[in-house]
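Note on naming: letters A, B, ... go to the chains in the order of the sequence lines (proteins, then strands), and numbering restarts at 1 for each one. Just so you know, these numbers use all the heavy atoms, side chains as well, and skip hydrogens, waters and symmetry mates. These figures come from a predicted structure and were not determined experimentally.
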Amino acid sequence: MLDARLFRTTTFRVALVYLTLFLVSVATILVVVYGMTATLLQNQADETIAVELDGLREHYAERGLQGLGQVIQERAAAPRTRSVYLLADGRGAILAGNLAAWPRAAKALDDWVSFDVANPEAETAVQSARAAAVALPDGARLLVGRDMGERDRFLDRVIDALVWALGLTLGLGVAGAVVISRNFMHRIEAINRTTRQIMTGELHRRIPAEGGDDELTRLAGNLNGMLDQIERLMTGMRHVSDGIAHDLRTPLTRLRARLELALIGSEDLESARAAMQDALAEADRLLGTFQALLSIAEAEAGYRHAAFAPVALAEIARSAIDLYEPLAEEKGIVISAALRPEIRIEGHEQLLAQAAVNLIDNAVKYTPAGGRIAVEVGLSEAGEPELGVCDSGPGIPGAERARVLERFVRLEGSRSTPGNGLGLSLVDAVARLHRARLVMDDNDPGLRIALRFPSLRA
Amino acid sequence: MRILLVEDDAQAAAYLVTGLTESGHTVVHADNGRDGLACASAEPFDVLVVDRMLPERDGLSLIGALRAAGNGTPALILSALGSVDDRVKGLRAGGDDYLTKPYAFAELLARIEVLGRRGTAPAVATRLEVGELEMDLLTRTVRRAGRPIDLLPREYRLLEYLMRHAGSAVTRTMLLENVWDYHFDPQTNVIDVHIARLRQKIDRDFPTAVIHTVRGVGYCLRA
């Protein structure tokens with residue numbers, strides 16, 4: 001069934017406008033074709049008549065009125081002739097020809113006339129004819145013409161064809177408009193339906209992406225991407241509240257307990273001072289976690305694009321290596337660097353620096369004494385700028401790689417090392433802000449983790 | 001030092017006034033932007049400590065108005081807005097330093113003291129000298145008691161910052177900000193290792209140490 005809304009869609013209106021334009025142009029073309037055909041046919045007939053008239057005049061000049069009468073009689077008697085002849089003397093008496101009477105329309109001489117004649121084949125009662133009438137020197141009058149029935153029939157056919165063509169165009173156009181609008185409306189309706197479902201809370205819904213690579217599919221793709229982002233943020237928020245519950249409540253409880261104990265048993269000043277110092281350290285750790293969460297939130301908010309500037313990845317890496325080299329050396333870890341200085345990206349310098357520091361911090365933390373860390377700035381195989389850190393630590397099992405990016409997630413075996421479980425979350429948020437990917441590979445042994453930025457040419 | 005504190009939160013202000021007074025400074029407190037501007041324009045101060053969000057007139061516009069009037073008193077902005085971009089906005093408005101709430105009092109004090117002394121140091125120097133430690137800023141060489149000391153570029157910058165603020169305690173955060181240009185705290189405390197390295201080169205072969213640890217604050221270079 002046709003939906004009434006269909007006729008209100010933009011597509012349908014646009015289709016109608018186009019249809020009207022199309023009809024007008026088709027009609028114009030057909031009218032022009034018709035006019036030209038009719039003119040051509042008439043000119044041909046006129047030429048034939050003129051030639052014949054000249055021939056008859058010659059007969060008249062040679063053999064006089066009598067001879068002309070004979071010639072005309074012969075020609076008029078020819079079977080199935082399409083010509084019309086009439087020879088009359090000065091008084092109007094008919095001398096020869098195949099017309100019963102002098103046509104009333106042909107009163108004036110030396111001019112073209114059109115009139116109706118009886119149809120010799122009697123298919124129809126009358127048909128039109130076209131003729132030229134001339135006065136002969138002795139006062140007689142000669143009329144030569146051709147019956148135009150064939151032309152008229154031809155032109156009638158042409159008109160029929162034109163009407164059909166217009167009708168077909170109109171029909172196909174309207175049908176096309178309906179089909180296109182309906183298809184379009186269905187796809188828009190699918191988007192609307194999904195949107196409404198999402199608004200009522202079904203956040204996991206996605207717009208079905210059908211069809212190849214047209215604008216609606218791209219729109220659906222972008223909307224789905226947006227929904228993914230929203231869902232990720234929502235999940236992120238939930239994780240943060242869970243994380244706050246677990247990771248902030250625990251130290252806060254500890255902090256409170258310490259202060260309480262100090263208050264109860266603060267007989268000697270020394271132990272009270274020690275308790276306060278512990279409490280302070282605990283508070284600082286909490287603030288650090290809090291700050292890390294804020295940084296992630298800021299990177300995720302994405303409004304920092306305004307602060308983007310060209311950044312040399314090698315300088316970012318060099319600075320971070322500089323900061324960690326002494327610490328690594330103390331642990332007996334060698335940091336090597338292969339940095340291509342010409343590689344630049346558009347980015348947020350401080351956040352990139354923080355990401356690089358977090359990556360190297362992790363590498364130093366998890367690489368055992370005597371291990372190796374390699375920092376690389378280069379191009380990936382696909383030509384994307386890349387900042388990579390390889391270590392010879394325990395690595396991250398393939399199944400855990402997505403999980404370590406979540407906030408507050410710390411793998412078994414790493415809980416004893418200091419850290420708040422937010423380092424990689426921040427790196428991931430920074431990556432997403434830069435439309436980069438965080439790629440983790442086996443380094444055999446160890447982990448190779450890299451920020452792979454979109455290629456500048458793309 | 002004479003310090004003007006412009007802070008609208010009464011509790012925070014009381015805590016700061018007590019802390020700064022106990023550290024030997026004179027503190028004048030204003031609790032809104034308009035009074036703060038009037039105070040700063042009327043009397044000379046060594047350092048201004050200005051909260052960013054204030055009633056009547058916000059902290060950035062207060063500092064902007066002072067700078068426009070030709071008043072160059074060093075100003076430290078306190079703010080709950082802690083992103084790098086907020087900080088850049090604060091420093092562009094004429095602030096000399098930016099500290100995000102919540103902060104440790106020791107951090108604030110160290111920064112105030114560094115700011116307060118800035119006015120006395122010569123703006124353009126080619127040599128820095130602290131006791132028997134000398135730094136030539138043109139040739140980038142360092143000597144202690146006439147003996148040359150070989151430093152890596154980063155160690156040189158670290159020492160330069162310490163020498164420029166000799167006698168003042170500098171915090172780890174200040175070192176990260178000024179030597180590395182990092183406006184965030186790495187998870188691991190790496191600054192201590194750098195200082196240890198620097199000490200190896202500067203202090204090990206000499207009877208007295210010039211780099212001192214200030215507990216709960218950071219480090220101080222003192223002859």
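The number of heavy atoms from other shown groups lying within 6.0 Å of CD (A/E315) does not exceed 12. Atom CD of A/E349 has 12 or fewer neighbouring heavy atoms from other residues, nucleotides or ligands inside a 6.0 Å radius. Within 6.0 Å of the CD atom in A/E342, the count of heavy atoms belonging to other residues, nucleotides or ligands exceeds 12. For NZ of B/K201, the number of neighbouring non-hydrogen atoms (other residues, nucleotides, ligands) closer than 6.0 Å is greater than 12. Under a cut-off of 6.0 angstrom, the local environment of CZ in B/R67 is crowded, with over 12 non-hydrogen atoms contributed by other residues, nucleotides or ligands. Annotation: B/R127, atom CZ; neighbour count of heavy atoms from other residues, nucleotides and ligands within 6.0 Å is above 12.
Neither the backbone nor the side chain of A/L426 comes within less than 4.5 Å of any heavy atom in chain B. The part of A/D361 that comes within reach of chain B is its side chain, from C-beta onward, which places non-hydrogen atoms under 4.5 angstrom from that chain. Contacts of A/L287 with chain B are made by side-chain atoms alone, with heavy-atom separations under 4.5 Å and no backbone atom involved. With a 4.5 Å cut-off on non-hydrogen atoms, A/A283 does not touch chain B at all.
A salt bridge is absent between A/E325 and B/R154: the closest approach of a Lys/Arg side-chain nitrogen to an acidic carboxylate oxygen does not fall below 4.0 angstrom.
Scanning both residues, A/V357 and B/Y182, for their nearest heavy atoms gives CG2-CE1, 3.4 Å. Among all heavy-atom pairs drawn from A/Y324 and B/P186, the shortest one is OH-CB, 3.4 Å. The shortest non-hydrogen separation linking A/Q350 to B/D181 is NE2-O, 2.6 Å.
For the atom pair CG of B/L176 and CG of A/L323, the computed distance is 6.0 Å after rounding to the nearest 0.5 Å. Distance check: A/L351 CG to B/H183 NE2 gives 12.0 Å after rounding to the nearest 0.5 Å.
Here the side chain of B/H194 pairs no donor or acceptor atom with the backbone of A/P326 at under 3.5 angstrom.
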